[in-house]
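The structure appears right after this line, and notes come after that.
Quick caveat: nothing in here was measured; it's all calculated off a predicted structure.
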Amino acid sequence: MSRNTRKPELVRLSNYTPSSTSSTAPTNAARHIIQWSGPSEALLGYTLDELKEDEQWLLEQVHPEDVEHVIQTFVKHLAPMPQNKQCSEARLWSVDYRFRRKDGSYIMVSERGITTRDDAGYVTCMNVVIFDKHLQRSQRMAHKTELESRNYLKVVAENTPSGIFLMDGMGYCIYMNSAAEQITGFKLEDLFDYTFHASCHSCKRDGTPYPIFECPVFLAQQNGSSVKDANEVFVHKDGHFYDITFSVSPVGEYGSSGSVIEFRDVSDQRMMEKERLEAILESQQTSLLLQSTEKHKEAMSSFISFICHELRNPLQGITASAEFLLESMAQLKEDLAKGDHQNRVEQGAAAIPTTLAPHIPDVYQSKMDKLEHLLENAQNMIANIQTCADHQALIINNTLDLSRLEAGKAEPYLSIIDVLAVGAHCITMMTAKAQAKSIRLELADAKRPPIYIYGDATMLTQILLNFISNACKFTPCNGNITLTLSVSPISNNTSKKARAVMLHGSVQDNGIGMTEVEKGRLFQRFSQGNKNVAQLYGGSGLGLNISKELVRVMGGTINVESARGLGSTFSFATEHNVPSQVELQRFLTMSSPSTAVTTPMDEQKSLDSAFDTMTMGNGAPPLDPTIADAAPIPNGTAALSPTLASSTHPPAPRFKLVGVAEDNPINLSFLGKVLKSSGYEHMLCVNGDELLTRFLEPDNIIDVIIADMHMPVLDGLELTRLVRETENTRALATNDNTAAEHITEETSSQEPQNPQTKHKQHRSIPIIALSGNALTEQLAEAFEAGVSDYLLKPTKKVDLVKTLRYWEEIVHRGDVHQPMSESTRNIANSVHNKQPASTGSLER
């Protein structure tokens with residue numbers, strides 16, 4: 001049985017030029033071309049050759065009573081429609097009229113067609129089907145009546161949410177359910193004389209024609225095949241496009257009785273899917289952007305760290321040279337003051353005429369005065385160099401802090417700290433700066449008992465130093481600056497901290513003060529009170545901004561009170577936990593493992609009172625001393641106050657030989673001069689490999705190493721690792737020998753040896769890192785490698801000597817290696833205990 005094919009129809013194809021569509025009547029055949037195809041003789045009585053390609057001839061065949069209607073309908077349809085070219089009114093052509101057949105009789109025909117328009121909305125083509133209206137309508141009505149007699153079709157169709165079209169074998173719509181009407185915008189009466197393709201599928205989304213021989217619905221019907229859940233785009237009656245999912249099921253052999261089209265509008269789902277995919281894409285792009293930003297921040301942080309390290313090396317040379325010049329100038333001035341110029345005068349008196357002798361002391365004294373004046377000027381200039389170097393170091397440190405805060409990697413490292421000890425330390429550090437302007441700098445009520453809390457000593461120190469430095473800058477000579485520190489219980493405590501108190505810190509000065517406008521500019525990066533501040537007083541405008549961020553990281557608030565001419569008060573408040581008596585005693589004991597903590601009775605009572613009334617005289621209610629946190633206290637997280645610990649050990653002996661590795665010749669020379677002037681025997685090496693070679697020699701007596709972390713050939717990190725490996729190897733050999741001796745003693749009948757003659761337990765020598773790297777990760781890497789302490793460039797003579805003295809005591813007492821500085825000690829403990837360290841930078 002042959003497949004069902006669409007029966008041929010009489011087709012008129014009219015192509016128009018833009019100018020032809022602007023006429024008021026389709027009477028000028030030169031402006032368009034008509035082409036005929038299909039079976040014309042059965043319908044009109046003319047063969048295709050007899051049908052003229054002349055629109056005027058076509059109008060002459062129209063019944064006189066219908067001509068005006070046809071012309072008006074045609075002209076209206078030819079009018080440009082630029083606003084909505086795809087609506088049914090612009091796209092679908094229809095007209096009914098009586099046509100005079102060749103034999104002179106008239107037949108009622110219908111024209112139904114698809115119109116194509118250009119971008120401006122003008123008609124470019126009309127593809128029109130002409131058929132016997134009465135015959136076709138009667139056939140379709142008969143078909144519809146037959147189907148409706150089968151009641152099941154209507155019941156099922158009207159109760160489904162999907163749109164359903166029922167087409168005959170020619171592709172004309174003979175039934176559509178209410179869902180189809182709602183989806184397409186058409187009624188069945190609107191489509192009765194049109195094929196399904198012409199009404200809903202005649203153009204693509206971009207407006208170009210969709211040929212029927214490409215239509216998957218029509219092809220499925222012609223081929224007698226089924227289609228399930230395919231995707232297409234239909235055009236609504238009002239001209240908008242919408243996405244659909246459709247299925248086609250042929251009826252009869254090869255679709256001889258037509259086909260059923262089921263379709264659903266999935267525009268909303270497609271839109272949601274599109275939005276979901278766009279959201280996923282946006283999320284991925286945001287993620288990539290964040291990753292890129294994080295990588296950029298890490299790269300920038302590394303770059304800043306590298307630049308700061310490179311800046312610290314010349315600063316080390318500048319600071320060291322200025323320091324030695326000042327010492328040399330002071331020594332020279334002292335020698336000149338003690339010079340025995342009188343002896344020189346007396347020795348030369350015999351050769352000088354008697355008349356000139358009385359004038360010689362005056363001449364000598366004049367030259368001495370000039371020389372002392374030159375020395376004093378030189379000292380002042382060198383002091384200026386030192387001040388500039390210190391300021392440059394401060395800017396470098398602020399830059400590092402800013403980089404860490406921007407990256408969000410600054411977190412407080414909580415340990416037990418003495419708030420008053422931290423404040424006293426800050427006063428000591430800033431005393432020289434205050435004395436330069438004869439400013440009275442003091443800690444309010446400094447003789448109070450210690451105030452112990454859980455906090456970050458490094459961050460607290462930096463905040464206080466920035467406040468005090470700022471006050472020194474804007475306080476005139478002979479002014480006053482007061483640092484006040486106190487704690488108070490938190491009323492209506494709703495925090496999770498069981499023993500929470502509020503730490504209050506403030507720095508008050510009687511300086512120049514600020515206006516309200518100037519106060520509004522504070523705490524902004526690179527911003528100061530007014531544009532003249534930097535010129536008159538200097539500064540980068542970073543200190544207060546960093547202080548604000550550090551207070552924020554500590555979970556507190558910052559405030560300033562000031563008035564022009566009346567001074568300023570910078571204050572902050574942060575919330576902290578208070579250690580219990582058990583925790584504090586354990587902390588004090590562990591801070592110095594080999595030294596017993598001796599506390600006088602009256603001081604012990606003050607200490608107990610401090611736990612009961614943490615405000616030290618502020619009238620606070622007692623706190624419960626039995627509450628203790630379960631978390632262990634880190635080893636050595638804060639130094640003991642001088643009044644809380646004492647040592648009965650004798651003075652420690654000096655190191656025998658200090659090994660130094662530094663590639664910068666100026667810094668190496670500085671280290672040699674410091675060690676020589678401090679009475680240390682030393683060995684200077686230009687890289688780590690040279691020092692390692694000396695260390696591995698059998699007769700080596702190096703008992704402390706100072707090493708730069710960045711050197712050619714062999715850097716400080718690798719040097720430290722190799723030294724520690726060597727020590728471990730020697731320790732294993734020592735243990736093996738001791739075990740052999742022990743076995744010999746057990747099997748021997750001789751008396752046991754004196755314990756003093758046995759091998760002593762092997763201990764690592766101190767390795768002091770010297771570097772311009774100040775980031776926590778870099779310090780942690782150094783401690784992971786095995787360094788004992790860490791000094792940040794530029795390092796002053798007093799700090800280096802103080803560190804050596806400290807390690808002499810540690811080695812002499814046999815204490816566990818702990819860095820001298822509070823901040824470096826915290827980082828070292830976090831590395832040794834495998835706990836996360838507080839990220840940030842090393843406090844100067």
Side-chain angles (χ1 to χ4, degrees), residues 81-92 114-121 124 157-167 171 173 176-187 190-191 194-221 223 225-249 259-296:
M81 297 185 182
Q83 300 300 325
N84 195 346
K85 300 177 293 181
Q86 309 304 333
C87 68
S88 60
E89 184 180 353
R91 189 167 47 87
L92 301 179
I114 302 172
T115 302
T116 304
R117 297 176 183 268
D118 59 17
D119 294 338
T124 59
E158 292 300 328
N159 286 278
T160 178
S162 298
I164 294 179
F165 276 128
L166 185 59
M167 299 190 304
C173 181
M176 62 189 299
N177 67 350
S178 56
E181 293 179 350
Q182 182 179 359
I183 295 173
T184 62
F186 290 102
K187 298 292 185 180
D190 301 330
L191 306 182
Y194 294 92
T195 63
F196 163 79
H197 180 78
S199 59
C200 299
H201 207 209
S202 61
C203 58
K204 301 178 182 178
R205 190 185 289 273
D206 59 3
T208 58
Y210 200 152
I212 192 171
F213 55 83
E214 295 179 7
C215 174
V217 179
F218 174 75
L219 292 177
Q221 177 179 328
N223 296 330
S225 59
S226 298
V227 177
K228 297 294 182 183
D229 295 327
N231 297 319
E232 260 298 344
V233 177
F234 282 0
V235 59
H236 195 270
K237 181 178 180 180
D238 63 12
H240 79 267
F241 293 94
Y242 55 97
D243 295 292
I244 59 104
T245 296
F246 73 95
S247 299
V248 179
S249 299
S259 59
V260 177
I261 305 173
E262 179 270 333
F263 63 98
R264 301 178 300 280
D265 184 352
V266 294
S267 299
D268 291 342
Q269 293 91 316
R270 295 284 171 81
M271 182 61 67
M272 292 175 62
E273 180 68 14
K274 181 181 178 182
E275 291 176 353
R276 188 182 70 85
L277 294 176
E278 289 177 350
I280 293 174
L281 179 61
E282 183 178 358
S283 176
Q284 292 175 343
Q285 291 175 342
T286 302
S287 177
L288 291 175
L289 181 60
L290 289 175
Q291 293 177 8
S292 175
T293 302
E294 290 301 320
K295 290 180 180 178
H296 174 72

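- For T115, the side chain to side chain donor-acceptor pair (under 3.5 Å) test picks out H77, with sequence neighbours left out.
- Side-chain contact between H197 and V217 is absent, with no heavy atoms from C-beta onward closer than 4.5 Å.
- Minimum heavy-atom separation, K204 to P209: CE-O, 4.0 Å.
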| message | T184 vs Y242, test: side-chain contact (heavy atoms from CB on, under 4.5 Å). Steps then yes/no. | response | CA-CA 9 Å; T184 62; Y242 55 97; 3.5 Å; yes
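- Shown here is E214, whose CD atom has more than 12 heavy atoms of other residues, nucleotides or ligands within 6.0 Å.
- The salt bridge (charged side-chain N to carboxylate O under 4.0 Å, His left out) test applied to D119 returns K85, not counting sequence neighbours.
- Between A230 and V227, the shortest heavy-atom distance links the atoms CB-CG1, 3.5 Å.
- Contact detail for A198 and R91: the closest heavy-atom pair is O-NH1, 3.1 Å.
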| task | Dump the intermediate steps for ring pair (Phe, Tyr, Trp, His ring centres under 6.0 Å) on F196 and F234, then the final yes or no. | result | CA-CA 11 Å; F196 163 79; F234 282 0; 5.4 Å; yes
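- Here the OG-CE distance, from S267 to M272, works out to 13.0 Å after rounding to the nearest 0.5 Å.
- Summarising the geometry of G163 relative to I183, their closest heavy-atom pair is N-CD1, 3.9 Å, with the distance given to 0.1 Å.
- Other residues, nucleotides and ligands place more than 12 heavy atoms under 6.0 Å from the CD atom of E278.
- Remark: S247 OG to R264 CZ distance equals 6.5 Å, nearest 0.5 Å.
- The pair R270-E273 does not meet the salt-bridge criterion, since no charged nitrogen lies less than 4.0 angstrom from a carboxylate oxygen.
- A 4.5 Å side-chain heavy-atom check between M271 and E275 finds at least one atom pair inside the cut-off.
- Minimum heavy-atom separation, P82 to A120: CB-O, 3.3 Å.
- Using a 4.5 Å cut-off on side-chain heavy atoms (C-beta onward), F263 and C200 make no contact.
- One finds the CG atom of L166 at 7.5 Å from the OG atom of S259 (value rounded to the nearest 0.5 Å).
- Looking at heavy atoms from C-beta onward, K274 lies out of side-chain contact with L277 at the 4.5 angstrom threshold.
- Between H201 and P216, the closest heavy-atom pair is CE1-CD, 3.9 Å.
- If you run side chain to side chain contact (heavy atoms under 4.5 Å, CB included) between D243 and each of N231, D268, V266, only V266 comes through.
- At distances below 3.5 Å, at least one donor-acceptor pair connects side-chain atoms of R117 with backbone N or O atoms of A90.
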| request: Please test T160 against E262 for side-chain contact (heavy atoms from CB on, under 4.5 Å), starting from the C-alpha separation and ending with a verdict. | output: CA-CA 10 Å; T160 178; E262 179 270 333; 6.0 Å; no
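- Atoms OG and OH, on S202 and Y210 in that order, are 11.5 Å from each other to the nearest 0.5 Å.
- One distance of note links OG of S283 with CG of L289; it measures 11.5 Å at 0.5 Å rounding.
- F186 contributes atom CZ, which lies 9.0 Å from atom CG of D238 (distance to the nearest 0.5 angstrom).
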| query | Can you list the steps and then say if K237 with L92 is a side-chain contact (heavy atoms from CB on, under 4.5 Å)? | reply | CA-CA 10 Å; K237 181 178 180 180; L92 301 179; over 6 Å; no
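- H236 and H240 have parallel rings, their planes meeting at less than 30° on a 0 to 90° scale where 60° marks the start of perpendicular.
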| side-chain contact (heavy atoms from CB on, under 4.5 Å) between Q269 and T245: does it pass, once the steps are laid out? | CA-CA 11 Å; Q269 293 91 316; T245 296; over 6 Å; no
